Asker: 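I have a structure here, written as structure tokens, and I will follow up with some questions on it.
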Protein chains: 2
Amino acid sequence: MEKDVTIYDIAKLLQLSPATVSRALNDHPAINSNTKVIIASKAKEMGYRSNMFASNLRRQRTSTIGVIVPRLDSAFMSTVLAGMEKVANEANYNLIISQSLESFKKEVANTKTMFDSRVDGLLVSLASDTENLDHFNTFFRKGIPMILFDRVIEQKNCTNIVIDNVKAGYEATAHLIDQGCRRIMHITGSIKRNVYADRLKGYRLALMDHGLEGADELVKITNLTREDGVQAAADIQQMNSPPDGLFVASDFCAVSCMGALMQAGVSIPDDMAVVGFNDDPVAQVIQPSLTTIHYPGQEMGEIAAQSLINHLNGLLRINTTNTILLNYELIVRKSSQRHL
Amino acid sequence: MEKDVTIYDIAKLLQLSPATVSRALNDHPAINSNTKVIIASKAKEMGYRSNMFASNLRRQRTSTIGVIVPRLDSAFMSTVLAGMEKVANEANYNLIISQSLESFKKEVANTKTMFDSRVDGLLVSLASDTENLDHFNTFFRKGIPMILFDRVIEQKNCTNIVIDNVKAGYEATAHLIDQGCRRIMHITGSIKRNVYADRLKGYRLALMDHGLEGADELVKITNLTREDGVQAAADIQQMNSPPDGLFVASDFCAVSCMGALMQAGVSIPDDMAVVGFNDDPVAQVIQPSLTTIHYPGQEMGEIAAQSLINHLNGLLRINTTNTILLNYELIVRKSSQRHL
DNA sequence: TTTATTAAAGCAATCGGTTGCATAACAATT
DNA sequence: AATTGTTATGCAACCGATTGCTTTAATAAA
């Protein structure tokens, strides 16, 4: 069990005061650059590592960013986190990551933990049933900045990083119309969440713009699970006039629904053209491959983390910037491509 | 911007010393239970939260556990982490999570960050090209405990939590043999990793036990990506005597290979029976559904975290327990079930 | 030579909770 | 009454880095 090297050890060895050592290691201008070199090399030689706790205690900050996401198990979220980690590391920030598992209750619990950990800032993507941001009030009161990404609620003094889900929903739907669909069903998640509410809005706009009429039975609000996909397929079979196009707000659910439909003898894309959302890896391995909306996770993570860090360093006022929109892309694959 | 409440504030208000307040909040036996109640309620009323940094600094521990995993984006890993989080929360430990993205280099970097964060213990699942545990030496020297799970390297004084991959590989292969397969191909990942080396071993044992001969061309070492699956399918098409069974060490790769084979006209399971590994959600949505090996992620996470915490609390010597084996289960679905 | 200026380094308090040891108050025992 | 024991609390040092203010030394200016 080795003991940790402290600045006092270095100071004693070099016949200097701890204050000088501390300043030197932090590149303080009042320290002779020659002294800095000597101290730095001695520190390295002795295997010195700053004690974050002493430093944090004194500085009243933690160099830690809290991240709360609904789930970790999506390829999308994984790339978002990779992006955040990259930026955070470069800026010498640490990440504390936790998942709400789509539960508001757990999100609140995570929020408490983050508060106790005294994170300097917060990056959050909301659980599906979160309706307001009151549980973050402790943070707001202390002036701890927060950035919401992907699943957001608009609120002043809180930057949002999102894609234009209305437009993406519109485009997905318009693409189906282009392929000749006239009766398009939309399967989506809780419309408490902007992502789903907006995609639905886009879907409706597209129908309207193309002179198609919507119908209540053509919009299904679900949890977007595998079972929901199967159930939707069963429901479709029961309909008097079944749809000829399907826009699902999540790839995984789209795939399970597609599978169930095909087993029931529905031909895809000819009887039913399908578009998903997110560009999950499954979209490529499935037969037929799934048309979907792709959007940049890594970039979203990087921008979120960078904006927060810039704000913490006083380089950017978060409350002035309010929404950052990223680009998405419709990726056309076989599930929707009819040979007209 | 509110200011934080400290034990000094509480002490002053109650005309007590900070020491008493501290002891009361930590349920120290020397404090009158009545006093404890008064202090606790006052603390709550004032919204007191312990300053972890002061506490950590003094106690020389952090109540933080570092977790390094290859990737976050698998359903399996997500449940592992959920299990760890649950146990850690209950024991008042925090989790710092990072992903190596299967790169040894990044794993080393993560290790350094963890060390700087002074985690009390480490839970690690190794990157695919990690060959030894030398980068953890700084931890060993300081007596910081580490538990490896799933992707491990055996080493004394380091508990491993795994399933019996040899047996699982054996069982998967034997199942294919049961279904009438006589020429079984195995697609796997880097055999530097125990999980893949062991599954391969099990595969070979099963062949041997059933009097089947293996062949070099029947074993493919890949990265288990989507592309590798497609490539494998292409290779199979080129073979003089193609296999009639396929055991792939990862569901995702199995699915992409299966898809490519089916497109080439191969009938599954009749021409080719397929077994995957991991029970990824994709196994259920694919057509035909994929036979696979399921193993308990949540449990693995809980046990790993609990063992580590027990060790930290002196309730368990990690170095005496060396390997914990969890159960797995072969889940037979349509991709391998022949109607004999 | 004296004074002002600047550069470099040190002193000592501080952050907030923890803990070994001392102390006070009171009860029990001899 | 004196001694021992018990219970509850306080004192003060400590963890290690940071930082406002002071001091020292060296150099420049008067």
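These numbers come from a predicted model, not from an experiment. All values below come from the heavy atoms of this structure, side chains included, with hydrogens, waters and symmetry mates left out. Proteins get letters first, then strands, A, B, ... in listed order; numbering begins at 1 in each.
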Asker: Specify the residues of residues 48-56 of chain B, ordered by number, for which at least one heavy atom lies under 4.0 angstrom from an atom of DNA chain C.
Answerer: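 By residue number: B/Tyr48, B/Asn51, B/Ala54, B/Ser55.
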Asker: What is the distance, to the nearest angstrom, from the CD atom on B/Gln15 to the C1' atom on D/dA8?
Answerer: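 Going from CD in B/Gln15 over to C1' in D/dA8 covers 17 Å.
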Asker: Report the distance from atom CG of B/Asp4 to atom P of C/dC15, rounded to the nearest whole Å.
Answerer: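 Rounded to whole Å, this separation is 12 Å.
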Asker: Is the shortest side-chain N/O distance from B/Thr6 to OP1 or OP2 of C/dG16 below 4.0 Å?
Answerer: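 Negative; the distance criterion is not met.
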Asker: If I take atom NZ in residue B/Lys12 and atom P in nucleotide D/dG10, what distance separates them, rounded to the nearest angstrom?
Answerer: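 Atom-to-atom, B/Lys12 to D/dG10, this comes out as 15 Å.
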Asker: Whole angstroms only, please: what is the CD1-P distance between A/Ile7 and C/dG10?
Answerer: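 Whole-Å distance recorded here is 12 Å.
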Asker: Round to the nearest Å and state the distance from B/Arg59 atom CZ to C/dG20 atom P.
Answerer: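 The answer, rounded to whole Å, is 12 Å.
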Asker: Under the side chain to side chain contact (heavy atoms under 4.5 Å, CB included) rule, what do A/Ile161 and A/Ile147 come out as? Steps first, then yes or no, please.
Answerer: CA-CA 8 Å; A/Ile161 301 180; A/Ile147 289 182; 3.9 Å; yes
Asker: Under 4.0 Å between a side-chain N or O of A/Gln60 and OP1 or OP2 of C/dG16?
Answerer: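 For A/Gln60, the contact criterion (side-chain N or O under 4.0 Å from OP1 or OP2 of C/dG16) is met.
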Asker: Check side-chain hydrogen bond (donor to acceptor under 3.5 Å, both in side chains) between B/Asp134 and all other residues, then give those that pass, not counting sequence neighbours.
Answerer: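 side-chain hydrogen bond (donor to acceptor under 3.5 Å, both in side chains) check on B/Asp134 returns nothing, list empty.
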Asker: Among all residues two or more places apart in sequence or in another chain, which pass the salt bridge (Lys or Arg N to Asp or Glu O under 4.0 Å) test with A/Glu107?
Answerer: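 Result, salt bridge (Lys or Arg N to Asp or Glu O under 4.0 Å) vs A/Glu107: none returned.
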Asker: From the set C/dT19, C/dA13, C/dA12, return the single nucleotide nearest to any side-chain atom of B/Arg58.
Answerer: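 Nearest nucleotide to the side chain: C/dT19.
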Asker: Nearest to the side chain of B/Ser17, which nucleotide is it out of D/dG10, C/dG10, D/dA17?
Answerer: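 Nearest to the side-chain atoms of B/Ser17, counting from C-beta on, is D/dG10.
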Asker: Quick one: salt bridge (Lys or Arg N to Asp or Glu O under 4.0 Å) partners of A/Glu131, sequence neighbours excluded?
Answerer: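 A/Glu131 satisfies salt bridge (Lys or Arg N to Asp or Glu O under 4.0 Å) with A/Lys192 only.
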Asker: Rounded to whole Å, please give me the gap between CG in B/Leu57 and P in D/dA13.
Answerer: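 To the nearest whole Å, that distance equals 17 Å.
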Asker: Quick one about B/Asn94 and A/Ser117 (side-chain donor to acceptor, distance below 3.5 Å, no hydrogens or angles considered), yes or no?
Answerer: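 Yes.
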Asker: Nearest heavy-atom pair of A/Asn322 and A/Cys158: which atoms, and what distance?
Answerer: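 Heavy atoms only, the tightest pair is OD1-O, 3.7 Å.
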Asker: Rounded to whole Å, please give me the gap between CZ in B/Arg118 and C1' in D/dG16.
Answerer: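 From B/Arg118 CZ to D/dG16 C1': 9 Å.
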Asker: Give, ordered by number, those residues of residues 20-35 of chain B having at least one heavy-atom distance below 4.0 Å to an atom of DNA chain C; if nothing qualifies, reply none.
Answerer: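 Of all residues in residues 20-35 of chain B, the ones placing a heavy atom under 4.0 Å from DNA chain C are B/Ser22, B/Arg23, B/Asn26.
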Asker: Tell me every residue that passes side-chain hydrogen bond (donor to acceptor under 3.5 Å, both in side chains) with A/Asn89, counting only those two or more places apart in sequence or in another chain.
Answerer: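 Result, side-chain hydrogen bond (donor to acceptor under 3.5 Å, both in side chains) vs A/Asn89: none returned.
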Asker: Please assess A/Ile303 against A/Ile324 for the test side chain to side chain contact (heavy atoms under 4.5 Å, CB included), listing each intermediate value before the final yes or no.
Answerer: CA-CA 9 Å; A/Ile303 291 177; A/Ile324 298 177; 4.1 Å; yes
Asker: Less than 4.5 Å apart, side chain to side chain, heavy atoms only: is that true for A/Tyr93 and A/Ile309?
Answerer: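 Answer yes - side chains close enough.
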Asker: What is the distance, to the nearest angstrom, from the CD1 atom on B/Ile10 to the P atom on D/dT9?
Answerer: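 That distance rounds to 15 Å.
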